[in-house]
2 protein chains.
Amino acid sequence: MEIDLKYLEEVFHKHNLKITPQRIAIYKELVNSKEHPSAMIIYERIKKIYPNVSLDTVNRTLLTFSEIGLVRIVEGRGDPKRFDPNLRQHHHFRCIKCGEIYDFYSEEYDSLDIPSELKKKFIITSKRVNLEGICDRCRAKRG
Amino acid sequence: MEIDLKYLEEVFHKHNLKITPQRIAIYKELVNSKEHPSAMIIYERIKKIYPNVSLDTVNRTLLTFSEIGLVRIVEGRGDPKRFDPNLRQHHHFRCIKCGEIYDFYSEEYDSLDIPSELKKKFIITSKRVNLEGICDRCRAKRG
DNA sequence: TTTGAAATTAGGAATTACTCCTATATATTA
DNA sequence: TAATATATAGGAGTAATTCCTAATTTCAAA
Ligand SMILES: [Mn+2]
Ligand SMILES: [Mn+2]
Ligand SMILES: [Zn+2]
Ligand SMILES: [Zn+2]
């Protein structure tokens, strides 16, 4: 998929980030993946185009992106962080066998009210439903 | 808080786990904490009672507990795993400034339907709502 | 265009959070 | 009590991430 470079450069400008080939490549790679990849996965792929990009740059860049809200770090149970370029409000199902993370959309979930005692006390910036279980593929493999 | 040792020993028996002082101490420590502590935090506290308990034992034990469903690993963004002894269905608010995790209860959230296209494809074993934002204390500190 | 300050990078070292290994110790059963 | 299976301590090893610093690159101003 072609990304909107103009828009991306605007975002970088807005946050006073310089436009570097590494940043663009990392963003492209993440946007074109559907599997909520880890930094290492992105790094392996980027290396084919920029053989001496460093893993630190990939990590640093993904973290920067998440700070400016361009990508998200997916909620998980530790282990390698996994990233999500999909900014549409959506929710996740995570398979506890294979670790795959599936997006899903739900108006019902999106429109959930925040309990009023929380709304009074805290500033809420994100609301997501996390489902867990066993995916169809893993169910087919085992029992 | 006094824990129900009888019940705990039953759980261990049911899963063919031997009843060891370390396991009991680790469980007690976790049950008496409200802050979803990391293994390291538990370890530091246990050491005061058993000075040569090993960090590996704490990690291994907490992992065992989570495998048998006695505790949960809290969803987060990587970094140290954090554990939860509260088995009542509940949800979390996590402060993005200080990392504190607050429990809350909501009948509305508990009774959410699973979208039918997911119910058909996957086996769902857990459903939780994760809220994020800034807690009252952090809001007071800064702006 | 050229130039220079400031930001960014590569590459390696350091750190953090586990996870593995194995000899010893302990819990449980007979 | 003795045998056996498990669990533990302590240290080594590993994976993921973060830090450090000299060199490079970006970008704005001249
Ligand atoms: Mn997603
Ligand atoms: Mn909790
Ligand atoms: Zn699966
Ligand atoms: Zn806070």
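Below, chain A is the first sequence line, B the second, and so on; all start at residue 1.
At C:dA10, one or more side-chain N or O atoms of A:Q22 fall inside 4.0 Å of OP1 or OP2 (strictly under the cut-off). For the pair B:N52 and D:dT8, the criterion of a side-chain N or O lying under 4.0 Å from OP1 or OP2 is not met.
Using cut-offs of 30° and 60° on the angle between ring planes, the pair A:Y27 and A:F65 is perpendicular.
Atom pair A:R77:CZ and C:dC18:P shows a separation of 13 Å (rounding to whole Å applied). If you measure from atom NZ of B:K47 to atom P of D:dG10, you get 10 Å, rounded to the nearest angstrom. One interatomic measurement links the two molecules: CD1 of B:I41 to C1' of C:dC18, which rounds to 16 Å at whole-angstrom precision. Protein atom CZ of A:F65 is 13 Å distant from nucleotide atom C1' of C:dT8, rounded to whole Å. For the pair A:N16 CG and D:dT25 P, the interatomic distance rounds to 22 Å; values are reported in whole Å. Protein atom NE2 of B:H15 is 13 Å distant from nucleotide atom P of D:dA7, rounded to whole Å. Residue A:M40 contributes atom CE, which lies 12 Å from atom C1' of D:dT14 at whole-angstrom precision. Regarding A:I46, its CD1 atom lies at a distance of 14 Å from the C1' atom of C:dT9, rounded to whole Å.
Side-chain atoms of B:N86 and B:H36 form no donor-acceptor pair, as typed in the model, at a separation below 3.5 Å. Side-chain atoms of A:H91 and A:D103 form no donor-acceptor pair, as typed in the model, at a separation below 3.5 Å. A donor and an acceptor atom, one from each side chain of A:T57 and A:S54, are located under 3.5 Å apart.
For A:E107, the CD atom is loosely surrounded, since the number of other residues' heavy atoms within 6.0 Å does not exceed 12.
Of the candidates D:dT8, D:dT17, C:dT9, C:dT9 carries the atom nearest the A:R23 side chain, counting heavy atoms from C-beta on.
In this structure, A:R88 satisfies the cation-pi test against A:Y105, with its NZ or CZ atom closer than 6.0 Å to the six-membered ring centre and inside 45 degrees of the ring normal.
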Original post:
Once each nucleotide of nucleotides 19-30 of chain C is scored for protein heavy atoms under 4.0 Å, what B/S/- sequence comes out, 5' to 3'?
Top reply: BBB-----BS--
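One finds no salt bridge joining B:R72 and A:E132 here, because no Lys/Arg side-chain nitrogen approaches an Asp/Glu carboxylate oxygen to under 4.0 Å.
Between B:T61 and A:R82, the residue whose closest nucleotide on DNA chain D is further toward the 5' end is B:T61.
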